[in-house]
2 protein chains.
Amino acid sequence: MDRRQSILLAAEKSFAMFGYKATTVDQIAKIANVGKGTIYTFFSNKEELFYEIVNGLVKEMRHIAAEAFQEERPFYEKLHMALTGVLELRRTHQLAVKLSQELREYNTSPVKEALKTLEMTILTFVSNELEKAVEKGEVKPVRTDVASFLMMKMYLALIFDWEENHDPLNENEMAEVLETFVMNGIGK
Amino acid sequence: MDRRQSILLAAEKSFAMFGYKATTVDQIAKIANVGKGTIYTFFSNKEELFYEIVNGLVKEMRHIAAEAFQEERPFYEKLHMALTGVLELRRTHQLAVKLSQELREYNTSPVKEALKTLEMTILTFVSNELEKAVEKGEVKPVRTDVASFLMMKMYLALIFDWEENHDPLNENEMAEVLETFVMNGIGK
DNA sequence: AAATGACCATTTTGGTCATTTGGTCATTTC
DNA sequence: GAAATGACCAAATGACCAAAATGGTCATTT
């Protein structure tokens, strides 16, 4: 079996199980059935290997978002599908979950980078799509960078923070209030 | 001078300078020119004393928000003034700033509580005012709990997180995009 | 009756040192 | 001879422990 591939698989498994800090290169080598040195012929160090793994997640997210925006629908429906899809992955994917926990607990610096990358990926994607929508005249002209930032923050807040202090919302309740703020506002 | 008062003053100064963890009861006593035991005749322990101080901040915030909402203006203008005012205090008040730093660095648990209280205070206030506005017919009917949560999160995000990865916005740029999302949405 | 600080149990700190870790490279393998 | 390996090393980590500091109490003082 492809050695590089089995290293990546082993690393993904270990990072997802134990996080970045608690994963040792030795361990990855063991799981991958590979000498430790071999890892360093494919990756220059542990951190690079880690980013390679994270990059997989990034691609997965972009894929989900891209699929949502590919459909023939109103802008907001596509946006909603993309953001909920991407953030649901972010919320359930074992690696992503483990990394969030590690960040809270240890502030591991490469993990911070990684999660920031994930967020930036989503943001960039949304920002581009919003720009297209503005150009097509589907939505009002707005500062797309700020607007997409706010939209993502709203989704993040409802999906990740709401339940901290409130009873859970069902999908419809969430969708409804988000649509209000994004598309119509609460003004009369 | 009133002993209780001078203890509170000393505590506020010390918490604001060094944070909760790094402030010792001995130190407070020294600054207040008071025996350590005296502190325990007024406050049952360090934590309670701390909450007393935090409560001061809470009151200050409520005052700022209440003043904003007292004016005779459209709902959104009052909301904007209240939130920017309150969050500006939160962003500049030495104690609040120090506590945020302490939370990031040490996750000190009473500090976490305290900052959560601050956030809850703002949220409750906004929620109540929004409810009034809905009843008066000034804004659309919405789930006020979720709506106020989202509005606060938007303001928090723009005021505290935006500059992490972007060039600063001036007041007008901020106000403009926030008004769009709160009152009008980006839909045509 | 109110204030105090010496006192105590518990926690935190600072420093040491054995163990572990990321990374290298001389040797082995195919 | 190119690729793989694991023994090896310097650096980082964390278990350990003595010493210091801390929150809180209470017998004594004011």
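Each chain gets a letter, A, B and so on, in the order the sequences are listed, and its residues count up from 1.
By the 4.0 Å N-to-carboxylate-O rule, A/D145 lies close enough to A/R143 to be salt-bridged with it. Checked for salt-bridge contact, B/K21 and B/E105 miss the test: no charged N lies under 4.0 Å from a carboxylate O. We find that A/K78 and A/E129 are not joined by a salt bridge, their nearest charged nitrogen and carboxylate oxygen being 4.0 Å or further apart.
The interatomic distance linking B/Y106 (OH) with C/dT13 (C1') rounds to 13 Å, in whole Å. D/dA12 atom P lies 14 Å from atom NZ of A/K46, rounded to whole Å. Summarising the geometry, the separation between CZ on A/F43 and P on C/dG22 is reported as 15 Å, rounded to the nearest angstrom. One atom, OH of A/Y20, and another, C1' of C/dT21, lie 11 Å apart when rounded to the nearest Å. What separates NZ of B/K30 from P of D/dA21 is a distance of 12 Å, to the nearest Å. Atom-to-atom, CG of A/N45 to C1' of C/dT21 comes out at 14 Å; the value is rounded to the nearest Å. The CD-C1' distance, from B/Q27 to D/dG23, rounds to 14 Å in whole Å. In this structure, the CZ atom of A/F50 is 16 Å from the C1' atom of C/dG22, given to the nearest Å.
Panel note: side chain B/K112, backbone B/L103; no donor-acceptor pair is recorded below 3.5 Å. In terms of modelled atom types and a separation under 3.5 Å, the side chain of A/T41 and the main chain of A/G37 share no donor-acceptor contact.
With a 4.5 Å cut-off on side-chain heavy atoms, A/L118 and A/L99 do not count as touching.
Between the side chains of A/K30 and A/Q27, no donor-acceptor pair of N or O atoms lies under 3.5 Å.
B/H166 and B/W162 have parallel rings, their planes meeting at less than 30° on a 0 to 90° scale where 60° marks the start of perpendicular.
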Identify all pairs in which a protein N or O lies below 3.5 Å from an N or O of nucleotides 3-6 of chain C, and state each distance.
residue	atom	partner	partner atom	Å
C/dA3	O3'	B/R3	NH2	3.1
C/dT4	OP1	B/R3	NH2	2.7
C/dT4	OP2	B/R3	NH2	3.4
C/dT4	OP2	B/G35	N	2.9
C/dT4	OP2	B/T38	OG1	2.4
C/dG5	N7	B/G37	N	3.3
C/dG5	O6	B/G37	N	3.4

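Note on B/S44: nothing from the nucleic acid sits closer than 4.0 angstrom, heavy atoms only.
Taking the ring centre of A/F75 as origin, the terminal cationic atom of A/K132 falls outside the region bounded by 6.0 Å and 45° from the ring axis.
Taking a pair as Watson-Crick or G-U wobble with both distances under 3.5 Å, DNA chain D forms stems of 3 or more consecutive pairs at C:1-30 with D:1-30.
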